[in-house]
Amino acid sequence: MKVKSIRGFRDILPEEIKRWHFIEEKCRKIFEKYGFSEIRIPILEQTDIYTSGLGDTSDIVSKEMYTFEDRDGTSITLRPEGTAGVVRSFIENSMGKKSPVNKLYYSGMMFRHERPQKGRYRGFNQMGAECFGSESAYCDADIISMLWSIFSELELNNHVKLEINSIGTSEDRAKFREELVNYFEPQKDNLCDDCKRKLDTNPLRILDCKVETCLTTIGKAPSILDFLSIDSKNHFEKIKFLLEKIDIPFTVNPKIVRGLDYYTDTVFELTTDKLGSQNAVGAGGRYDVLVKQLGGPDTPAVGFAIGLERLILLHEQVFPEEYRQNVDIYVASLGEKALNEGIYISNILRKQGLNVEYGFDKKSFKSQLKRANKINAKYTIIIGEDELDRNVFKLRNMKLSEEKEYSLDEIENFINLIS
RNA sequence: GUGGGUGUAGCUCAGCUUGGUUAGAGCACCUGGUUGUGGCCCAGGAGGCCGCCGGUUCAAGUCCGGUCAUCCACCCCA
């Protein structure tokens, strides 16, 4: 039998994992800086939380979910995104009653049955944050600031672009939608086939069509921003004011409409021109009606998610140097007796907090040093018959190619010898 | 779901146009050049169902058909 990972799923190998750790750690730190706490939620949920939460006309729900029957016949789905599950948990645990505001972040694998491509996998990792309980524009701005600060902390802010928009309330959008149809209907012959279809199903999505012939028609189309209610307009103005005040560069793009139905008012996207066509590396927005829609108390919320594979890809391009595991000591022993001593010494050093590779195979001294070199060990400890007889070990500084001898008794305070 | 590119050593790739001895290179790996000293250099070694199935042919890595995988783009999205 031929073994092979499932299409669209991949391994993250040891040589790449250090960069993952580095980036995940940075993200965690920033989430916590903004007062968010981690939540871990299941990978499987009942299908309805997605169908009724994300909107059943969205591509994700209509053709990309991994949905199957549980043994008792209920329909369950591998999570295609994080927000719906966090909302479910928020409701189920009555978080709104325990605290007026709840700030949660999560990290984990999401599943969408898409055609794999660069930066797009069927199993992919997201880190995201959700803030429940505030409808204030200050909250939106704080969240956007958090997203931005992840990228500036990683020194990637020069390679991404923040775009924001407001899509108003559902009434605003209904009005806008009507106007859009009125606008496009008479000139639908100028639109591509996809857009003609969208005219019936989801006219807002025509706005982000990239087909050239559509672009001129779209250019003169009405803007959502002219349809916002007073409250939504003020909310949006306030966010823009705050982002300027804290020096976060952004542009307003009235054509941003999110793919999921739960968004209200604020939406935003972080894109890069370095990843080909999968250019969205983070995105989010406000979703004031979702909690209620899923059966919870009327609770406003804002959140975003970052695509980790894409973030890593971007980081690799900007900082191509390798991220390596750090090995402090390689213990090279020569001969049976020395091997016995080697495992003992290695463990003492590990207790002192060092990363130690113990050469446990009977290999030539030369190949052991080669190994030490290859794994980039800072020091090699050398013990052979000769050293054992004299109750000493040699310590070789790999970078300087210098060796010193120490009494074996000094192993107990080894950390002092090299610091 | 649609279109295009690519499948040869662990990795990156040459060879295919114009079929013909034993399928190559670089990197990585192993051994030696040094009785117990890494990186550089030198010598040697190991490693291939040439993606898979079928066809054409005296003969297929090379030509043809199919299939699968993969990458990129459309689309969608993080």
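Scope of the values below: all heavy atoms of this structure, side chains included, with no hydrogens, waters or symmetry mates. Per chain, numbering begins at 1; letters A, B, ... match sequence-line order.
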Nearest-Å distance once atom C1' is located in both B/rG47 and B/rG54 = 30 Å
ask   = Is any side-chain N or O of A/E403 under 3.5 Å from a base N or O of B/rU37, one able to act as donor and the other as acceptor?
value = yes
ask   = Between B/rC11 and B/rC29, how far is it from one C1' atom to the other, in whole Å?
value = 12 Å
ask   = Is the backbone N or O of A/I76 less than 3.5 Å from a side-chain atom of A/T47, with the two atoms forming a donor-acceptor pair by type?
value = yes
request  = Give me the residues of residues 310-331 of chain A where at least one heavy atom lies under 4.0 Å from an atom of RNA chain B, by number, or none.
outcome  = A/R310
Ranges pairing with ranges for RNA chain B, where each run has three or more Watson-Crick or G-U pairs under 3.5 Å = B:1-7 with B:68-74, B:10-13 with B:24-27, B:29-33 with B:41-45, B:51-55 with B:63-67
ask   = Can you check the A/L369 CG to B/rU37 C1' distance for me, whole Å?
value = 5 Å
key: Spacing of A/L400 atom CG relative to B/rG38 atom C1', expressed in whole Å   = 14 Å
ask   = Taking NZ, NE, NH1 and NH2 as the nitrogens, is one of them in A/R88 or A/E92 under 4.0 Å from a carboxylate oxygen of the other?
value = yes
inquiry  = Closest-nucleotide mapping onto RNA chain B: is A/E64 or A/G384 further toward the 5' terminus? I mean the 5' end.
reply    = A/G384
key: Residue pair A/E130 / A/T83, side-chain donor-acceptor N/O under 3.5 Å   = yes
request  = Determine the interatomic distance between P on B/rU67 and the same-named atom on B/rC58; round to the nearest Å.
outcome  = 28 Å
inquiry  = What I want to find out is whether A/K29 reaches A/E153 closely enough, with some N-O distance under 4.0 Å, to be called a salt bridge.
reply    = no
query = Less than 4.0 Å between a side-chain N and a carboxylate O, is that true for A/K404 and A/E402?
reply = no
ask   = Between B/rG36, B/rC29, B/rA78, which nucleotide has the shortest distance from any of its atoms to the side chain of A/K374?
value = B/rC29
message = I want to check one thing: is the phosphate of B/rA73, taken as OP1 and OP2, less than 4.0 Å away from some side-chain N or O of A/Q117?
response = yes
inquiry  = Any base atoms under 4.0 Å from A/G276, or only sugar-phosphate, or nothing? Heavy atoms, all strands.
reply    = sugar-phosphate
message = Taking donor-acceptor contacts at under 3.5 Å, does the side chain of A/R371 reach the base of B/rG38?
response = no
query = So do the side chains of A/H315 and A/F22 get within less than 4.5 Å of each other, counting heavy atoms only?
reply = yes
inquiry  = Can you see whether A/D48 engages A/T51 through a side-chain donor-acceptor pair at a distance of less than 3.5 angstrom?
reply    = no
ask   = Can you check whether A/W148 reaches A/L243 side chain to side chain, under 4.5 Å on heavy atoms?
value = no
key: 5' priority, RNA chain B, between A/R115 and A/A377 [closest heavy atom]   = A/R115
key: A/R286 and A/E135 ion-paired at < 4.0 Å   = no
